[in-house]
Amino acid sequence: MSTELFAVKQELAAVNLYNILQRRKTLFRPLKSEQVFMRTCGPTVHDAPHLGNYRRLVVSDLLSRYLIFKGYKVKHVIDIVDITDKSIRGSEKAEMDLADYSNKYLQIFLDDAQYLNIRPENIYIKASETVDAMLKIVEKLMDKGYAYEKLHSVYFDISKLADYGRLSNIDLAKTRLGQSIDLDDYEKDSPADFALLKRATLSELKRGIYHKTRWGNVRPGWHLECAAVSQKYLGTAYDIHISGADETFPHCENIVAINRAFSGHSGAQYWIGAELILVDGRKMSRSLNNAVTIAHLKDNGYRGRDIRFFLLGMNYRKPISYSEKALQMARNTVKKIDTLIHRLQVIDNHTHDDPDVDQMIYDLHLDFDKALDDDINISGALAALFGFIGKINVPLAQSKISGPDARKIIKALEKINEILGIMDIGEQTLHRDVAELVQKREGARKAGNWQEADLLRDQLTALGVEVLDSQQGTIWRFK
RNA sequence: GGCGGCAUAGCCAAGUGGCUAAGGCAGCGGUCUGCAAAACCGUUAUUCAUGAGUUCGAAUCUCAUUGCCGCCUCCA
């Protein structure tokens, strides 16, 4: 029992992650030995999120699934940023209640997340429902002198925090602050100070979008929203914070600042940044007019698994170039895995010429884990998977895989898919009419009636069903 | 201007000091097949943006150069 426990601990200890705070890979050690507390920056819900917004969510999903696979319990909080300038303006323009407006886009986000097979166990928290925690934080920051009120807005005074800039490695003295910030909009002591609470505008007051505080009628700023959600649901110190690479400064830096001023702790121990999606060399974003929504991709025939694979198939610390071709590549790769699974599922023989399937599965797990342990090296992990598929395909083509072995292999793939979430392992069913066509074609082939068989194959293709004839019989798959 | 990062085959991509530079996609030739598809076998980088240096040894370390991206704006 004790040796088993030791083995488990050893295994748990093997994960390495690149921590932005230290700018290097470090061994991952959670604060509690068996549970990981993590948070991912969620979407702003003033419009339908796009592919670029989902990368960090898929990356954090992959990481949380891997940590669960490694034996940890994971509490993963994703905040929904539902009080922003854009959503306030957008809802006004749409003549909608802010909450209704936000909920409309939140629903799209949740549907997309499901489509992308993001774990339903994630905890989604609306910023608007965390205002109590925000005000508590501001209260304390005011008491400690980290914040000041000016004309009924409350700002964070970064000069009070000695090592402000540690996360993004920024030296404010050398930075062109004030050049890009429209100072006329603010009454801050210093351009780099950021708003914790903004005084409500006249229209916000009319619409009831404000909170009454001792500093005035205000609504919270973005950085405070994120800091409050994690503080309330994960505590002042937690394990992992995942965000987009473009959010390190000022957003994450400011979250760290709030956390450190509030509790002396940075919040998360490990800060992870997922890189961006590029379109023609530029960041995918709504403001650059190059955003692609999940709905759009869905309309173009991409399954959630295809898109998910596209988003997680490359090192999370490198930008991904979006293109139709790249997406097709992802789809083809997913298909390759599907085909193997379908072929395995129809095996019903008892050959005794078994290759050493157990050894292959053992190697697969070893290589797969080893790669992911190294800062989620997905390419290495996938190489292990494809190596395995190649090794299985040889005896499979020669009918040398027995039914029990096939099920063993499927089980191993299921295990891997708990992490990847891209395979389709469940039994698929065809519409009765379509299944009949497949049967009819089989009959025609057995009778040597090739013309009829080919005609039926064309019909099936038109219906989006491909038939693959192998020595084990005919299998089919969706195109 | 400051900070961070990237450059490896037709395309995507791993490898960060030492065995033949993983893997995927696409292509080509073959096997299988009634024909296809799928699968399999073979094939596709004497070379890692360029130049110099360190070293017995460099894609990997150092310096310089070039090109590209992100942040320094509530796009997120």
Side-chain angles (χ1 to χ4, degrees), chain A residues 20 23 41-44 46-47 49-50 52-53 55-56 81 83-89 165 168-182 185 191-192 194-195 198 221-223 225 243-253 273 275-276 278 281-291 309-310 313-315 317-321 323 325-326 328-333 335-336 339-340 342-343 367 371 374 377-387 389-390 392-398 445 448-451 453-454 457 461 466-471 474-475 477:
Chain A
I20 299 173
R23 259 162 281 279
C41 281
T44 52
H46 63 267
D47 200 350
H50 57 76
N53 302 137
R55 187 173 186 195
R56 64 174 184 274
V81 188
I83 324 171
T84 65
D85 291 358
K86 293 235 163 179
S87 43
I88 290 169
R89 238 182 288 140
S168 49
N169 201 27
I170 213 157
D171 183 351
L172 288 172
K174 289 181 185 162
T175 301
R176 291 177 173 175
L177 282 167
Q179 202 154 332
S180 44
I181 298 171
D182 188 357
D185 282 354
F194 59 90
K198 302 170 163 185
W222 179 37
H223 314 306
E225 291 176 23
S243 189
D246 53 345
E247 292 184 291
T248 309
F249 186 87
H251 184 53
C252 294
E253 191 68 63
E275 263 294 346
L276 309 175
L278 306 180
R282 287 257 104 101
K283 165 162 92 158
M284 180 181 286
S285 82
R286 284 185 283 243
S287 49
L288 291 174
N289 250 324
N290 60 9
F309 184 78
F310 173 73
M314 277 168 241
N315 188 315
R317 286 198 288 130
K318 287 197 174 170
I320 299 178
S321 290
S323 69
K325 202 179 143 195
Q328 275 165 16
M329 240 165 98
R331 180 165 56 185
N332 287 346
T333 309
K335 220 175 180 183
K336 182 191 169 94
T339 304
L340 172 76
H342 290 185
R343 291 176 72 191
D367 295 343
D374 180 18
N377 183 346
I378 192 70
S379 301
L382 290 173
L385 176 60
F386 291 120
I389 291 176
I392 294 296
N393 267 326
V394 179
L396 183 59
Q398 301 165 342
R445 285 185 74 231
N449 195 347
W450 309 126
Q451 257 191 347
D454 290 352
R457 181 165 63 195
T461 306
E466 253 177 309
V467 282
L468 320 172
D469 304 325
S470 72
Q471 281 179 32
T474 296
I475 66 164
R477 67 179 186 184

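Just so we're on the same page: letters track the sequence lines, and every chain starts at 1. The figures here come from the full heavy-atom set of this structure, side chains too, leaving out hydrogens, waters and symmetry mates.
- At a threshold of 4.5 Å between non-hydrogen side-chain atoms, the residues A/Thr474 and A/Arg445 count as touching.
- Figure legend. B/A52 is base-paired to B/U62; pairs are counted as Watson-Crick or G-U wobble with both atom distances under 3.5 Å.
- Nucleotide B/U20 has no partner under the Watson-Crick or G-U criteria, as no pair reaches both atom distances under 3.5 Å.
- Nucleotides B/G51 and B/A59, compared at atom C1', are 16 Å apart to the nearest Å.
- Of all nucleotides present, none satisfies the Watson-Crick or G-U wobble test against B/A36 with each distance under 3.5 Å.
- Contact annotation for A/Gly273: no contact, since no heavy-atom pair falls under 4.0 Å across all strands.
- What you find for A/Ile20 and A/Thr248 is that their closest heavy atoms are CG2-CG2, 4.3 Å.
- In this structure, A/Ile20 atom CD1 and B/C71 atom P are separated by 14 Å, rounded to whole Å.
- As rounded to the nearest Å, B/G23 and B/G15 have C1' atoms that lie 11 Å from one another.
- Atoms CG (A/Asn290) and P (B/C69) sit 13 Å apart, rounded to a whole Å.
- Residue A/Gly244 is classed as having no contact, given no heavy-atom separation below 4.0 Å to the nucleic acid.
- At the phosphate of B/C40, OP1 or OP2 sits under 4.0 Å from a side-chain N or O atom of A/Asn393.
- For A/Asn377, counting side-chain heavy atoms from C-beta on, the closest listed nucleotide (B/A22, B/A14, B/C75) is B/A14.
- Dashed line: the shortest gap from a side-chain N or O of A/Arg477 to OP1 or OP2 of B/A37 is not under 4.0 Å.
- Between B/C74, B/C12, B/C40, one nucleotide has an atom nearer to the side chain of A/Val394 than all others, and that is B/C40.
- The side-chain heavy atoms of A/Asp47 and A/Lys86, taken from C-beta on, include no pair separated by under 4.5 Å.
- To the nearest 0.5 angstrom, A/Thr333 atom OG1 is 8.5 Å from A/Lys336 atom NZ.
- Counting distance only, with no hydrogens placed and no angle test, the side-chain atoms of A/Asp454 and the base atoms of B/G34 include a donor-acceptor pair under 3.5 Å.
- Taking only distance into account, the side chain of A/Lys336 never meets the base of B/C25 through a donor-acceptor pair shorter than 3.5 Å.
- Here A/Glu247 lies in heavy-atom contact (under 4.0 Å) with a base.
- Map A/Asn332 and A/Ala453 each onto its nearest nucleotide of RNA chain B; the residue landing nearer the 5' end is A/Asn332.
- Remark on RNA chain B: of its neighbouring residues A/Met329 and A/Ile170, the 5'-side contact belongs to A/Ile170, judged by nearest-heavy-atom nucleotide.
- A sub-4.0 Å separation between OP1 or OP2 of B/A37 and a side-chain N or O of A/Arg457 is absent.
- The backbone N or O of A/Asn377 sits nowhere less than 3.5 Å from a side-chain atom of A/Asn315 that would complete a donor-acceptor pair.
- In the set B/A37, B/G34, B/A14, the nucleotide with an atom closest to the side chain of A/Leu468 is B/A37.
- Distance alone, capped at 3.5 Å, is enough to place a donor-acceptor pair between the A/Arg56 side chain and the A/Gly42 backbone.
- Rounded to whole Å, atom P of B/U33 lies 17 Å from atom CD1 of A/Ile475.
- Look at the P atom in both B/C68 and B/C74: the space between them is 27 Å, to the nearest Å.
- Counting non-hydrogen atoms under 4.0 angstrom, A/Gly221 reaches a base of the nucleic acid.
- B/U44 and B/G10 have their P atoms separated by 13 Å, with the value rounded to a whole Å.
- Between B/U66 and B/U50, the two P atoms lie 15 Å apart (nearest whole Å).
- With hydrogens and angles ignored, a donor-acceptor pair under 3.5 angstrom links the side chain of A/Asp469 to the base of B/A36.
- In this entry the distance linking CG of A/Leu385 with P of B/A14 reads 17 Å, nearest Å.
- The side chain of A/Lys318 contributes an N or O atom lying less than 4.0 Å from OP1 or OP2 of B/A14.
- Applying the Watson-Crick and G-U wobble criteria (two distances, each under 3.5 Å), B/G42 pairs with B/C28.
- Between the C1' atom of B/G24 and the CD atom of A/Gln328 lies a distance of 15 Å, rounded to the nearest Å.
- Base engagement by A/Lys283 is indicated by at least one non-hydrogen atom pair under 4.0 Å involving a base atom.
- Here the side chain of A/Pro250 is nearest to one of B/C71, B/C69, B/G23, namely B/C71.
- Remark: B/C3 base-pairs with B/G70; criterion is Watson-Crick or G-U wobble with both hydrogen-bond distances under 3.5 Å.
- The residue A/Arg23 sits apart from the nucleic acid: no heavy atom pair falls under 4.0 Å.
- Atom pair A/Arg282:CZ and B/G5:P shows a separation of 20 Å (rounding to whole Å applied).
- A/Asn53 places a side-chain heavy atom less than 4.5 Å from the side chain of A/His50.
- As rounded to whole Å, 15 Å separates atom C1' of B/A39 from atom NE2 of A/His342.
- Note: CG (A/Leu276) to P (B/C75) measures 15 Å, nearest angstrom.
- Taking atom P on both B/G57 and B/A13, the two are 33 Å apart, rounded to the nearest angstrom.
- Here the separation of B/U8 from B/G24, taken at their C1' atoms, is 15 Å to the nearest Å.
- Picking from B/C75, B/A38, B/G34 the nucleotide with the shortest atom distance to the side chain of A/Thr339 gives B/A38.
- A heavy-atom distance below 4.5 Å is not found between the side chains of A/Leu288 and A/Met284.
- As judged by a 4.0 angstrom heavy-atom cut-off over every strand, A/Thr248 is placed among residues making no nucleic acid contact.
- Within the structure, a side-chain polar atom (N or O) of A/Asn169 is placed less than 4.0 Å from OP1 or OP2 of B/G4.
- One finds a salt bridge joining A/Arg477 and A/Glu466 here, because a Lys/Arg side-chain nitrogen approaches an Asp/Glu carboxylate oxygen to under 4.0 Å.
- Taking side-chain N and O atoms only, A/Asn315 has no distance below 4.0 Å to OP1 or OP2 of B/A13.
- Where stacking is scored as ring centres under 5.5 Å apart with planes under 30°, A/Trp450 registers as stacked on the base of B/G34.
- As rounded to the nearest Å, B/A9 and B/U65 have C1' atoms that lie 25 Å from one another.
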